[in-house]
Protein chains: 2
Amino acid sequence: MNHLSFGELFEEARTGGKSLAQGEFLFQKGAASTHLYTVLEGCVRMVRFTSTGDPIIMHTARSGDGLAEASLFFDTYHCDAEAVLPSTVACYDKKRIVAIIGASPQKSLACIAFFSRQVRSLRALLEVRSIRSARDRVLHYLMLQAAPENMTVRISGSIKDMAHDLAMAHETLYRILANLEKEGKISRDIGIIKIHH
Amino acid sequence: MNHLSFGELFEEARTGGKSLAQGEFLFQKGAASTHLYTVLEGCVRMVRFTSTGDPIIMHTARSGDGLAEASLFFDTYHCDAEAVLPSTVACYDKKRIVAIIGASPQKSLACIAFFSRQVRSLRALLEVRSIRSARDRVLHYLMLQAAPENMTVRISGSIKDMAHDLAMAHETLYRILANLEKEGKISRDIGIIKIHH
DNA sequence: ATGGATGTATGATCTCGGTCATATGGCTAT
DNA sequence: ATAGCCATATGACCGAGATCATACATCCAT
């Protein structure tokens with residue numbers, strides 16, 4: 001089972017990169033969608049605005065995440081992509097991607113595998129979020145993220161990001177982690193959490 | 001833009017159907033995944049159990065919905081599929097599906113489109129769930145689901161299912177809907193919610 | 001070095017929403 | 001027709017967790 005990212009898969013379709021200042025838009029709703037992107041650095045989020053002007057955040061992409069993969073099959077973008085931090089993205093030409101898929105059954109299978117892995121992990125995240133108790137949610141999340149051998153979780157990003165993943169206030173997460181450590185259920189180091197079953 | 005279901009896409013890979021009594025399992029976690037399914041009739045849900053034995057409902061599939069599409073590239077199923085009602089499902093042979101994808105770039109593109117749509121809707125659900133306030137969560141959910149022309153949401157399934165999607169107690173959702181209606185922000189009919197902005 | 005921004009951390013307070021209880025209407029099976 | 005089940009609906013209560021406030025450390029840019 002190969003675990004290629006979108007970028008690795010379609011390296012040949014890459015047409016360069018782009019730097020975005022904080023607050024800059026990568027693209028906006030309605031623009032012709034000619035490229036797909038992956039975030040190399042920083043943080044870009046997809047936003048749609050309701051008729052009342054309220055923003056709806058559809059997705060927040062961090063380093064390694066794809067952007068607008070779904071617009072491969074649409075002529076225009078249907079959200080805005082805004083850099084929340086200074087960011088860099090890699091650009092991939094849609095036409096070339098389609099050509100690659102048409103020419104290589106292997107690549108197209110790998111691409112489908114890529115998406116279905118993503119579906120799995122998104123469902124897993126949804127599963128975590130359907131747990132009511134914040135404490136249980138944290139425990140379940142840690143279990144999911146932990147490498148099975150050593151029951152160790154490497155935290156990518158900040159605890160605040162993790163709190164967002166877990167759909168809870170970051171203060172709550174700090175408290176819960178502190179409690180779990182006090183109880184001896186976990187131990188912590190910078191960027192690492194170890195679970196003691 | 002075609003919105004083929006998995007079933008329509010891979011009709012040739014179909015190997016028949018299966019009837020399930022209420023409570024019967026279509027497959028269970030860990031079993032070799034040889035087939036994918038779509039629900040023809042009834043209702044099948046995907047469940048995982050936590051270490052404490054609590055069930056977590058990952059997904060509820062009704063007529064027309066696919067089941068376990070994401071396990072196309074995994075050797076075993078990752079959760080249990082249980083019929084909540086007497087149900088019938090169509091079965092599709094994984095090997096044949098892979099063969100079809102290899103042989104037809106068109107089908108493989110359609111398949112990729114299918115998965116990327118799914119990724120997008122899962123992401124949308126995740127973002128909805130990251131909204132703290134239950135009331136705002138409901139509003140955003142309705143906005144996302146609403147057809148842009150007429151701002152009308154067709155409810156598939158029950159309000160309880162919707163409450164599960166929204167990760168809140170169904171009582172809370174009943175109350176919030178009643179309030180929104182009282183305030184004139186929405187109006188309701190059986191199976192339909194209309195948003196007045 | 002200094003000020004600003006951000007992440008980490010913890011205490012105090014208060015409210016939102018989860019839980020429990022109860023009621024009613026619709027549907028199915030006997 | 002009757003009993004049982006489920007979705008819908010609403011009231012009452014209370015506790016988990018959101019919010020607000022404060023403090024300290026780190027990292028940048030000036």
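Naming convention: chains lettered A, B, ... in sequence-line order (proteins, then strands); numbering from 1 in each chain. Below, all heavy atoms of this structure are taken into account, side chains as well, without hydrogens, waters or symmetry copies. Fair warning: this is a prediction, and the values are worked out from it, not measured in the lab.
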In whole angstroms, how far is the [atom2] atom of [N] from the [atom1] atom of [X]?
| X | N | atom1 | atom2 | answer |
| --- | --- | --- | --- | --- |
| B:K160 | D:dT8 | NZ | C1' | 9 Å |
| A:K182 | C:dA9 | NZ | P | 12 Å |
| B:M162 | D:dA9 | CE | P | 12 Å |
| A:E181 | C:dA9 | CD | P | 9 Å |
| B:I190 | C:dG25 | CD1 | C1' | 13 Å |
| B:H164 | C:dG18 | NE2 | P | 13 Å |
| B:L85 | C:dC27 | CG | P | 15 Å |
| A:I131 | C:dG18 | CD1 | P | 15 Å |

Look at the side-chain N and O atoms of B:Y174 and state whether any lies under 4.0 Å from the OP1 or OP2 oxygen of D:dT10.
no
Nucleotide N/O to protein N/O under 3.5 Å, stretch nucleotides 15-24 of chain D:
| from | atom 1 | to | atom 2 | distance (Å) |
| --- | --- | --- | --- | --- |
| D:dG17 | OP1 | A:A134 | N | 2.5 |
| D:dA18 | OP2 | A:A169 | N | 3.3 |
| D:dA18 | OP2 | A:T172 | OG1 | 2.4 |
| D:dT19 | O4 | A:R175 | NH2 | 2.9 |
| D:dC20 | N4 | A:E171 | OE2 | 3.3 |

Can any side-chain N or O of A:R154 pair as donor or acceptor with the backbone N or O of A:G191 at less than 3.5 Å?
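It does not hold such a pair.
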Could you tell me whether the side chain of A:R137 and the main chain of A:R132 form a donor-acceptor pair under 3.5 Å?
yes
Assess the residue pair B:S33 and B:F27 against the criterion (side-chain contact (heavy atoms from CB on, under 4.5 Å)); give the C-alpha distance rounded to whole Å, side-chain angles, the decisive distance to 0.1 Å, and a yes or no.
CA-CA 9 Å; B:S33 71; B:F27 54 76; over 6 Å; no
Centroid-centroid distance, B:Y92 to B:Y37, less than 6.0 Å:
no
Do B:H164 and B:R45 meet the criterion of a side-chain donor-acceptor pair at a distance under 3.5 Å?
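On atom types as modelled, these side chains do not qualify, holding no pair under 3.5 Å.
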Over 12 non-hydrogen atoms of neighbours within 6.0 angstrom of NZ in A:K194
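Yes.
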From the set D:dA7, C:dG7, D:dA9, return the single nucleotide nearest to any side-chain atom of B:S158.
D:dA7
